[in-house]
Amino acid sequence: KKWSVVTTCRTTPLLGVMHFTTIDYVIFALLLVASMGIGLYYALSGGRQRTTQEFLLADRSMSCLPVSLSLIATFQSAVAIVGVPAEIYTHGTQYWFIGCAYILGLLIPAHVFIPVFYRLHLTSAYQYLELRFSKPVRICGTLTFIFQTVIYMGVCVYTPALALNAVTGFDLWGAVLATGLVCTLYTTLGGLKAVIWTDVFQTIVMFAGQLAVIVVGVQQTGGLAEVWRKVWEGNRISGIDLNPDPTERYTFWTLGVGGIFLMLSLYGVNQAQVQRYLSSKTEREAIMSCYMVFPSLQVALALSCVMGLVMFMVLYFVMDMLQDLPGLSGLFIACVFSAALSTISSAFNSLATVTLEDLIKPHCSSMTEARATLLSKGLACSYGLMCLAMAYLTHLMSDSVLQAAFKIFGMVGGPLLGIFCLGMFFPWANSTGALAGLGSGLVMAFWVGIGSIVTRTSGGPAAVSHFNCTAVQLSENITTAIGTALNSTAVQPMGLQRFYSLSFMWYSALSSFTVVITGLIVSFLTGRGELLIITIEDAIRSTWAHHTHSSGLCSLVETTSKSNKTFCNKNKY
Ligand SMILES: O=C(O)CCCC[C@@H]1SC[C@@H]2NC(=O)N[C@@H]21
Ligand code: NA
């Protein structure tokens with residue numbers, strides 16, 4: 001049976017177009033209507049989104065279950081739903097080892113990052129950078145985050161539309177508009193409460209859709225034993241790969257260790273996740289929500305990987321197999337769009353929060369609560385429209401969507417992780433060092449990232465990703481033929497070429513280390529006089545009245561930083 005591999009197909013679907021039956025459209029429409037309904041409910045209930053505390057932080061009243069599902073939904077977009085099975089198909093099950101990174105990738109956020117952010121009672125994560133370093137560091141951090149998220153949300157709104165278009169012929173830009181507008185509406189109307197509760201609903205749809213496709217897929221392939229035999233014969237199960245070569249795309253090291261830095265940049269310091277921790281009613285609830293992410297994230301990973309095994313190429317197989325089961329393809333597409341909506345809505349809301357909190361409020365502190373809330377709604381709406389423009393940009397530069405998402409996180413999220421670590425773990429780092437560190441981290445990340453795009457290598461020749469973004473119909477033998485050709489021509493790159501072929505899974509680690517090392521060196525060179533000395537107590541007393549006892553925070557920061565000599569005994573930080 002011919003397998004067709006979709007990397008990025010632009011316009012015409014390749015296989016016979018499987019038309020959506022009406023029930024499929026109904027299910028897809030129900031998803032959008034339900035999401036809108038939740039948005040309207042939170043626009044008209046509670047405080048009716050009249051304060052920024054409610055619109056941006058859900059009144060800091062959330063419990064750990066909805067927060068944990070929302071934490072997962074925020075970074076489980078259509079990219080993972082469609083992209084991970086494609087990676088499993090093209091590179092085997094090595095990717096599954098990223099699950100090992102979830103252990104430290106969630107424990108460190110729970111016990112290091114959450115307490116610091118929560119006890120400082122922040123709204124934006126970047127306020128921490130001003131408290132620890134200076135306002136310029138905060139502004140640079142905010143702008144870096146905005147840059148990362150705007151690009152990422154473009155990928156997230158484009159991917160599901162591309163998938164739908166490739167498989168059902170559904171109009172690409174119609175799907176982009178439908179997703180973008182519905183998402184902008186319910187995020188602008190219902191604020192963080194709506195975003196979190198739609199995330200909960202969409203996560204359930206996401207899991208249901210993946211499970212349904214897998215169950216039917218296994219059934220149609222003749223049962224689990226048959227699937228296992230086919231998968232084993234196709235030697236799709238790759239054992240643990242301990243190859244230390246950093247240019248190897250997926251190994252236990254790039255996934256299990258490099259993946260930790262990726263997780264820390266997302267679940268530790270990314271504004272979208274920090275906002276969810278801050279919306280929790282107590283610090284303990286926030287920590288619990290982080291713990292509850294672990295099992296669900298492992299299930300999500302398992303579902304994506306199993307789908308990659310059972311379906312090979314998810315989309316075609318899905319439509320091929322499900323077309324005689326009306327409603328299931330609609331459920332699967334609803335699953336893909338649930339993944340997209342729950343990620344994009346988090347992006348809009350977190351962008352509005354940091355823009356208001358970090359870029360606007362410091363310059364007009366006299367702004368009334370009503371105006372601030374109205375402004376944050378306007379910001380959420382304008383970021384929504386900007387997302388449509390970014391979808392078009394993604395259309396122009398797409399190759400493997402999962403790789404694109406990981407590169408964005410590595411190139412931009414990595415340096416952000418670096419300055420937060422510089423601030424929290426190195427008390428002698430100063431703001432000059434932080435700025436120099438952030439700059440060098442971004443330069444390093446973009447050097448390797450752009451270099452890999454230009455020379456088309458990052459993590460070894462991808463089996464089937466075609467840069468000229470056409471969808472290629474490959475039969476099994478052609479795939480292996482291309483595979484061997486690539487391997488034979490792929491001479492071991494040397495020097496700079498080898499640097500460009502660094503696996504994108506190492507980008508987060510490389511860029512965050514660059515920030516810390518440069519930040520420390522520049523801090524030492526620029527002396528310590530310039531250290532912006534504020535005590536945590538001052539920061540909290542002057543900015544926020546009610547608060548847990550700062551000595552508690554102080555002792556925490558002491559343990560975090562290990563070197564307590566410059567810490568609390570001088571009561572300086
Ligand atoms: O799905 C996306 O939009 C981005 C790809 C996944 C991001 C990372 S990978 C490790 C962690 N597990 C997830 O499900 N998401 C994050
Ligand atoms: Na999502």
Side-chain angles (χ1 to χ4, degrees), residues 31 35 68-88 95-106 109 148-149 151-160 163 179 183 187 195-196 198-207 209-210 250 254-268 270 272-273 276 290 293-305 307-308 334-350 387 394 400-410 412-414 417 504-505 507-508:
L31 166 73
S35 302
S68 69
L69 288 175
S70 176
L71 285 167
I72 293 157
T74 299
F75 287 115
Q76 258 282 345
S77 77
V79 170
I81 302 288
V82 169
V84 172
E87 292 287 326
I88 298 291
Y95 178 82
W96 208 326
F97 283 103
I98 200 168
C100 305
Y102 293 174
I103 301 166
L104 282 178
L106 289 165
Q148 168 190 351
T149 310
I151 295 181
Y152 174 52
M153 66 185 185
V155 176
C156 288
V157 77
Y158 180 70
T159 305
T179 318
C183 201
T187 306
V195 171
I196 287 182
T198 46
D199 281 357
V200 170
F201 165 65
Q202 287 154 1
T203 304
I204 293 166
V205 173
M206 211 166 17
F207 282 155
Q210 286 185 301
Y250 290 142
T254 64
L255 292 159
V257 179
I260 293 175
F261 291 90
L262 171 71
M263 287 295 287
L264 293 182
S265 72
L266 298 178
Y267 287 84
N270 185 284
Q273 306 297 56
R276 277 151 183 71
C290 210
V293 165
F294 182 79
S296 329
L297 212 50
Q298 292 293 354
V299 168
L301 178 64
L303 286 174
S304 310
C305 293
M307 195 188 280
C335 154
V336 170
F337 275 84
S338 294
L341 287 168
S342 55
T343 297
I344 303 159
S345 57
S346 306
F348 295 165
N349 187 274
S350 55
C387 169
T394 313
S400 144
V401 282
L402 189 72
Q403 198 183 103
F406 277 22
K407 284 192 174 179
I408 296 167
F409 291 147
V412 192
L417 171 64
F504 56 81
M505 288 306 295
Y507 286 10
S508 300

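All ligand and atom numbering here is 1-based and tracks the order in the structure. Start at 1 with the first residue, then count along the sequence.
Separating the OG atom in Ser345 from the CE atom in Met153 is a distance of 11.5 Å, to the nearest 0.5 Å. The CE atom of Met263 sits 11.0 Å away from the CZ atom of Phe409 when rounded to the nearest 0.5 Å. The CD1 atom of Ile81 lies 11.5 Å from the OG1 atom of Thr159; values are rounded to the nearest 0.5 Å.
Note on Thr343: counted as a metal contact of the Na ion (ligand 2), an N/O/S atom lying under 3.0 Å. Note on Ala80: not counted as a metal contact of the Na ion (ligand 2), no N/O/S atom lying under 3.0 Å. For Ala340, every N, O or S atom stays at 3.0 Å or more from the Na ion (ligand 2). Look at Gln76 and the Na ion (ligand 2): an N/O/S atom of the residue is under 3.0 Å from the metal.
Ser77 N, 3.0 Å is the protein heavy atom nearest to atom 1 (O) of ligand 1. Closest to atom 12 (N) of ligand 1 among all protein heavy atoms lies Tyr102 OH, 3.0 Å. In terms of protein heavy atoms, atom 5 (C) of ligand 1 is closest to Phe406 CE1, 3.6 Å. Of all protein heavy atoms, the one lying nearest to atom 14 (O) of ligand 1 is Gln76 NE2, 2.8 Å. Looking only at heavy atoms of the protein, atom 13 (C) of ligand 1 is closest to Phe75 O, 3.3 Å.
Taking each heavy atom of Met206 and Ala73 in turn, the nearest pair found is CE-CA, 4.4 Å. In plain terms, the two heavy atoms of Leu255 and Phe97 that are nearest each other are CB-C, 4.1 Å. Smallest separation of non-hydrogen atoms from Ser508 and Ser265: OG-OG, 4.4 Å. Shown here for Ile260 and Ala101, the closest heavy-atom pair between the two residues is N-CB, 3.5 Å.
Centred on the Na ion (ligand 2), the O atom of Ala339 and the OG atom of Ser342 lie at an angle of 80°, reported to 10°.
Judged purely by atom type and a 3.5 angstrom limit, Gln202 uses its side chain to pair as donor or acceptor with the backbone of Ser342.
The side-chain heavy atoms of Tyr152 and Thr343, taken from C-beta on, include a pair separated by under 4.5 Å. In this structure, the side chains of Leu301 and Tyr95 come closer than 4.5 Å at one or more pairs of heavy atoms.
Shown in contact with Tyr152 at under 4.0 Å from a heavy atom are these atoms of ligand 1, numbered in order with element: 2 (C), 3 (O), 4 (C). Under a 4.0 Å criterion applied to the non-hydrogen atoms of Phe409, ligand 1 contributes the atoms 4 (C), 7 (C). Atoms of ligand 1 lying under 4.0 Å from at least one heavy atom of Met263, given by number and element, are 10 (C), 11 (C).
Proximity of Leu266 to ligand 1, defined as any heavy-atom pair under 4.0 Å, is confined to the side chain (atoms from C-beta onward). Heavy atoms of Leu301 found under 4.0 angstrom from ligand 1: none, in either backbone or side chain.
Residue Pro160 forms a side-chain contact (heavy atoms from CB on, under 4.5 Å) with just one option from Val336, Leu341, Val79, and that option is Val336.
Between Thr343 and ligand 1, no N or O atom pair is found at a separation short of 3.5 Å. Every N/O-N/O distance between Ala405 and ligand 1 stays at or above 3.5 Å.
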